[in-house]
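Nothing fancy with the numbering, it's 1 onward along the sequence. Since we're looking at a predicted model, the values are computed, not measured. When a ligand or atom number is given, it counts from 1 through the structure's own listing order.
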Amino acid sequence: MSDIHRASTTAPVNIAVIKYWGKRDPKLNLPTNSSLSVTLSQSDLRTHTTASCSASYSKEDSLLLNGAPQDVSGARTQACFRELRALRSQLEDSDASLPKLAALPLKIVSENNFPTAAGLASSAAGFAALVRAIANLYKLPSSPTDLSRIARQGSGSACRSLFGGYVGWEQGSASDGSDSVAFQVAPASHWPSMRAVILVVSAAKKGVSSTTGMQTTVATSTLFASRASETVPRRMQEMQNAIQNKDFETFGKVTMMDSNSFHATCLDTYPPIFYLNDVSRAAIKVVESINAAAGRIIAAYTFDAGPNAVVYYLEENEKEVAGLFKTLLGEKDGWKGERGEKIEGNFAAAEKVKEEA
Ligand code: DP6
């Protein structure tokens with residue numbers, strides 16, 4: 001009976017406040033602009049992944065997601081496997097006493113505690129967890145930055161889930177993608193009162209995948225060029241300053257404007273891409289009314305490639321923001337049937353990445 005080598009990890013979802021949308025190199029998954037996100041805590045939305053390898057396994061690599069077998073032959077997954085195996089091989093070449101794991105078939109088992117591919121950044125947590133689980137299995141000395149370079153090739157947004165707290169992804173300029181990596185803007189502890197309420201408008205799979213959508217946007221939108229070259233670089237700076245200064249007004253305003261800008265380029269895509277629906281727009285109205293009542297920005301919405309709203313707010317405004325949404329969601333009128341469930345995010349523990357290697 002051959003040994004089974006095994007390691008597990010979890011990676012949380014991250015929700016961008018400056019959106020990644022557009023690839024300058026689809027093969028290496030290099031973006032047309034930098035982006036910035038907040039990583040949720042492990043206790044909220046996350047993927048748990050166990051990676052194992054053994055000579056006793058059938059020859060092919062395999063991946064189970066929430067119990068269902070997934071295709072691992074795609075270029076993205078293959079790129080991650082290849083890079084991680086190459087690093088393990090280097091270790092094995094330099095130390096003959098190490099077991100030869102790089103040559104063994106991999107078995108990956110992942111569980112999400114949230115709907116897959118519903119605009120809830122499932123690929124982000126998924127590839128981040130996959131890459132780190134294999135890196136742990138192979139006992140690689142890689143840093144989170146190194147792992148972010150690999151996870152990026154699985155799914156762009158995944159590179160940001162390798163760090164906790166407030167995380168940027170530098171678009172980079174190198175043609176081999178070596179400088180297109182994630183970096184921590186600030187740990188969650190820097191601004192621990194940040195909260196998010198996630199309104200699951202629809203748990204269904206999204207209509208147009210991010211990959212397809214962004215390729216069509218780059219090819220057809222006339223708004224896209226100025227977003228990538230002018231708007232986003234300016235906002236990246238404003239957002240980093242807002243986080244450093246714990247300035248929620250600016251954080252919130254830039255978050256909402258960037259979500260609107262991203263969805264405007266989707267509408268400007270031909271044929272147009274609609275990720276928001278009537279419930280999404282109702283959520284925007286509610287946020288606007290919360291801010292109008294407060295006389296300042298205390299709530300900020302953002303939407304990824306789907307209709308679900310993420311609303312950021314500070315703990316001190318829990319009642320006015322999450323409380324109001326809960327009251328509204330409890331009423332049948334206005335949110336009938338379609339509203340789904342709601343989940344609250346707590347970032348305070350985002351830092352602590354649970355390792356069970
Ligand atoms: C709207 O990371 O899913 O959520 O690199 O093609 O896998 P691929 O795309 P993906 O795109 C995420 C797009 C977004 C914005 C963001 O998270 O920055």
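- Checked against a 3.5 angstrom limit, the closest N/O atoms of S35 and ligand 1 fall outside it.
- The option with the heavy atom closest to atom 6 (O) of ligand 1, from among K23, M214, H263, is K23.
- The shortest heavy-atom contact between L40 and P12 is O-CB, 3.1 Å.
- Proximity of V167 to N14: side-chain heavy atoms (C-beta onward) are nowhere separated by under 4.5 Å.
- Relative to the six-membered ring of F262, K19 misses at least one condition, a distance below 6.0 Å or an angle of at most 45° to the axis.
- Between the side chain of D304 and the backbone N or O of G306, no donor-acceptor pair lies under 3.5 Å.
- Ligand 1 places these atoms under 4.0 Å from at least one heavy atom of F262: 1 (C).
- Residue contacts with ligand 1, taken as heavy atom pairs separated by less than 4.0 Å, do not involve N14 at all.
- Ring to ring, F224 and W21 are not that close: their centroids are 6.0 angstrom or more apart.
- With S110 as the partner, the side-chain hydrogen bond (donor to acceptor under 3.5 Å, both in side chains) test is satisfied by one option alone out of T10, T50, T49: T49.
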Might you work through the side-chain hydrogen bond (donor to acceptor under 3.5 Å, both in side chains) test for S52 and Y57, ending with a clear yes or no? CA-CA 10 Å; S52 62; Y57 289 169; 2.7 Å; yes
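- In the vicinity of S123, heavy-atom distances shorter than 4.0 Å reach the ligand 1 atoms 3 (O).
- Here's the thing with S155: one of its N/O atoms is less than 3.5 angstrom from an N/O atom of ligand 1.
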Determine, stepwise, if the pair N277 / S280 fulfils side-chain hydrogen bond (donor to acceptor under 3.5 Å, both in side chains). CA-CA 5 Å; N277 65 16; S280 317; 3.0 Å; yes
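- Within ligand 1, counting atoms from 1 as listed, the ones closer than 4.0 Å to a heavy atom of N29 are 5 (O).
- Remark: ligand 1 and I18 share no N or O pair separated by less than 3.5 Å (distance only, no angle test).
- Listed by number with element, the atoms of ligand 1 under 4.0 angstrom from any heavy atom of A16 are 16 (C), 17 (O), 18 (O).
- Proximity to G156 (heavy-atom distance under 4.0 Å) selects the following atoms of ligand 1: 2 (O), 5 (O), 7 (O), 8 (P).
- Considering backbone and side-chain N/O of Y20, one or more are found under 3.5 Å from N/O of ligand 1.
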